[in-house]
Structure formats: structure tokens, C-alpha cells
There are 2 protein chains.
Amino acid sequence: MAAALSADVEWTDPTCPVARAVDLVGDRWILLIIRDAMDGASTFTDFHQRLGVARNILSDRLRRLVEHGILSKEAQAVGKRHVYALTEAGEDLFIAIVAMRQWGERHAFSPEESHSSLVDRAGEPVPELQLPATDGNPLTAATTHVRKVS
Amino acid sequence: MAAALSADVEWTDPTCPVARAVDLVGDRWILLIIRDAMDGASTFTDFHQRLGVARNILSDRLRRLVEHGILSKEAQAVGKRHVYALTEAGEDLFIAIVAMRQWGERHAFSPEESHSSLVDRAGEPVPELQLPATDGNPLTAATTHVRKVS
DNA sequence: CTACATGAGTTGCATTTTGAAACCATTATG
DNA sequence: CATAATGGTTTCAAAATGCAACTCATGTAG
């Protein structure tokens, strides 16, 4: 498990993994870039067309993601020049994106609105994430706490 | 499951739950506010001291979170005046925050750095989130895809 | 070979958002 | 009564964002 970061980052809160994650990927466009990368987008134009983000901003975000080891950028010999691909660290954001998606499905749509959904290869809906304790009941914010570093 | 939103939002991508979630909570300070709310922060001063965010920005984010039904704001009779608390929709972000935390633990720390950790009431570390398919293997971006709305 | 199109950006501003500091209004507290 | 704490708002400078236009390299049709 290599570190995702080669460039130096000014951490908001150096001992908190949530804060470090937010420093790296807690940006509106970055999260949507990763969503689209997981859905098959791979070139600058892919991302630009899907997101409708300004080109300079897209350029900046792609560069930062490559610097931080979340995307890789490879030159292709023929045809399309550059291909962005998720690194292992980028692929590993899958659970986080799914968590966002499932929260959005539950809380950002009214009952009569329809939305896209995530399905497996058989076309079956992906199940809901949960965090079972050893006793089987789901853990929540109320049943857990942060143990600060010593 | 009531909708989280009372105020109108300009959705970046109205049919995508990830995009709607990002529109509501995909902001650096918002995610850290929710983290701290889950860790016991409840007043303006709590959040300000923990985050070190500018007061006007904090004020704006708290207002937006209340507008969108993620936090509630209640006046207290005696002592501290206002108390912010997570609504049901806010509590339900627990899994998403944990996903961010676990990704951060895996990819934003070098081996020799230490970080805070999330433990249950018994002091046991919270297990890693995963998304098992019906066959038992974890689902990934490669084994799932987005089915667009019809 | 020339003209045009495509991909992947960069540059130059105008607008927006952010951040820091100061200010303000209401309770408490000595 | 003077002072402090709480929960903000205002002001203004600096940074980030967004849009349009420009660049530059390759590929493609005539």
C-alpha cells in the first residue's frame, strides 16, 4: 500500500485521516472526476464533456490528482494522446464514492424523482453499505468515537 | 426517509446521486463540520475552535447545512444559546465519513506516521467497510456500472 | 500540399469565494 | 457596573473559479 502522495500537502489536521482525505479529494470536481473515471472516462475530453467543468479547472484538478498518486497519466502511441487511469489508491475510493451515492439516493431525492443506480455485472443493485459491530448491530456515530493519537 | 432539502439547489447533475450528494456536502469545511458534529461538537464556538475556519465561512456553512436539513439549530434556554445537532440525514453520513477516514488511513499516511482512529464502545477498532457481492467477493468499480435513468 | 478538424491544454481577464480582522449585540460573571 | 464569553456580521484584500479566446501538435479530406 504505497502512499498516495508525492507532492507535499499542507494538511488541515495532520493526525486526522478524515481531514487528510478531505485535503486530497474533498473537492466538488475531484469527486466527480473520480466518479466518471470509475464509469469509464479516461481522456481530458471525456471528463470535460461529462462534467461541463471549465477547462483550466479540469486541467488543474487532473494535474493535482496525478501528483497525489490518485490518477496516472500515460501517453498513448497512436490516436488519442493521453489516457488518465485510476491508480490503486484511486480505485480504492470506490467505497467512498458508493457511500456518497447511497446517501444521495436516500436524502437528496424526493420520492417521485428517479435517479441512476449502481448495479453489478448481473444487473443487480449494489447492496447498502453498513458497518456491523461484533454483536451484529450496525455501528453509528453514537456507538463509536475517535481515539486521538497519543 | 424525508428529503434533506428544503431550500432549492442548483444540481450539477440532477439524475446522479453522487453529484447531488457532492452538491450538498462535497465541500472541505462541510465534511469536517460533520466529522466534528459526530465527535461531539455542537456550538458555533466548538466548531470554530476545532476547525480554525474563518467565522464568516463557518457561519455560512452552518446555515446551509441547516437549510438542507443536515443539521438542526435549537436555542437553549440557559447557558449556551444555540446547539447544532445532526438530523437523521446528517447522522446517516456516518458511513461516508468512515469511508473517507478509512481511505485516508490507507493512502494518506506513510507507515511511520500515526493517526487518530475510530473505535467502538469497547475500544475495538471499527472494521473496514466493504461491499460484498452475492458471491462473497468484494464489488469494485470494475465489477459494477452505473445504469442511467430511463 | 493545403485546409480543416480534433485533442489537450494555456492565457487573460471578470466574477465569486475565501480568509483575516474588526466590529456588534446579547447574555453572564465578578 | 465593568468585563468577558457567545454567536455572529461587516469590511476588505487575496485567492479560486469560470468563460472565452488562443496555442500547438497531430490527423484527415480534398
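So that the names make sense, note that chain A is the first sequence line, chain B the second, and so on, each numbered from 1. None of the values given here were measured: they were computed from a predicted structure.
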Whole angstrom is fine here: how far is it from [atom1] in [X] over to [atom2] in [N]?
X	N	atom1	atom2	answer
A:His82	D:dA25	NE2	C1'	10 Å
A:Leu62	C:dT10	CG	C1'	14 Å
B:Arg50	D:dG7	CZ	P	14 Å
A:His48	C:dT6	NE2	P	15 Å
B:Asp27	C:dG19	CG	C1'	14 Å
B:Leu51	D:dG7	CG	P	15 Å
B:Glu10	C:dT16	CD	P	14 Å
A:Leu58	D:dA16	CG	P	18 Å

task = Examine D:dG18: is either OP1 or OP2 under 4.0 Å from a nitrogen or oxygen in the side chain of A:Trp29? Give yes or no.
result =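 Indeed, a polar side-chain atom of A:Trp29 lies that close.
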ask   = According to a strict under-4.0 Å criterion, is B:Thr43 in side-chain N/O contact with OP1 or OP2 of D:dG7?
value =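 So the side chain of B:Thr43 is within the cut-off, an N or O lying under 4.0 Å from OP1 or OP2 of D:dG7.
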request  = Look only at the side chain of A:Arg20 and the backbone of A:Thr15, and say whether a donor-acceptor pair between them is shorter than 3.5 Å.
outcome  =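 Not confirmed, A:Arg20 side chain does not pair with A:Thr15 backbone.
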message = Tell me if a side-chain donor or acceptor on A:Trp103 pairs with a main-chain N or O of B:Phe94 at a distance below 3.5 Å.
response =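 No; zero donor-acceptor contacts below 3.5 Å.
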Pairs touching residues 110-130 of chain A that satisfy ring pair (Phe, Tyr, Trp, His ring centres under 6.0 Å), sequence neighbours left out =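 Matches after skipping sequence neighbours: A:Phe109-A:His115.
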query = Going by an N to O cut-off under 4.0 Å, is there a salt bridge joining A:Arg35 and B:Asp13?
reply =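 Looking at B:Asp13 together with A:Arg35, the answer is yes, because their closest N to O distance falls below 4.0 Å.
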ask   = Of the nucleotides C:dA8, D:dG18, C:dG19, which has the atom closest to the A:Ile57 side chain?
value =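 Nearest nucleotide to the side chain: D:dG18.
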query = Touch check for A:Tyr84, heavy atoms < 4.0 angstrom, all strands: base, sugar-phosphate only, or nothing?
reply =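 Sugar-phosphate: the residue A:Tyr84, judged by heavy atoms under 4.0 Å, touches backbone atoms but no base.
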query = Contact class for B:Arg61 (heavy atom, under 4.0 Å): base, sugar-phosphate, or nothing?
reply =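 Since only primed, P, OP1 and OP2 atoms lie under 4.0 Å of B:Arg61, the category is sugar-phosphate.
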query = Out of curiosity, does A:Trp11 fall in the hydrophobic cluster containing B:Ile30 (side-chain heavy atoms, cut-off under 4.5 Å, transitive links)?
reply =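 Same cluster.
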Shorter than 3.5 Å, N or O on both sides, protein versus nucleotides 9-12 of chain D: list them out with atom names.
{"residue": "D:dT9", "atom": "OP2", "partner": "B:Ser59", "partner atom": "OG", "Å": "2.6"}

query = Can you pull the side-chain hydrogen bond (donor to acceptor under 3.5 Å, both in side chains) pairs that have at least one residue in residues 23-33 of chain A, sequence neighbours excluded?
reply =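 Residue pairs with at least one partner in residues 23-33 of chain A: A:Thr12-A:Asp23, A:Asp23-B:Arg28, A:Asp27-A:Arg61, A:Arg28-B:Thr12, A:Arg28-B:Asp23.
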request  = Using a cut-off of 6.0 Å, state whether more than 12 heavy atoms not belonging to B:Asp8 lie near its atom CG.
outcome  =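 Result for CG/B:Asp8: open.
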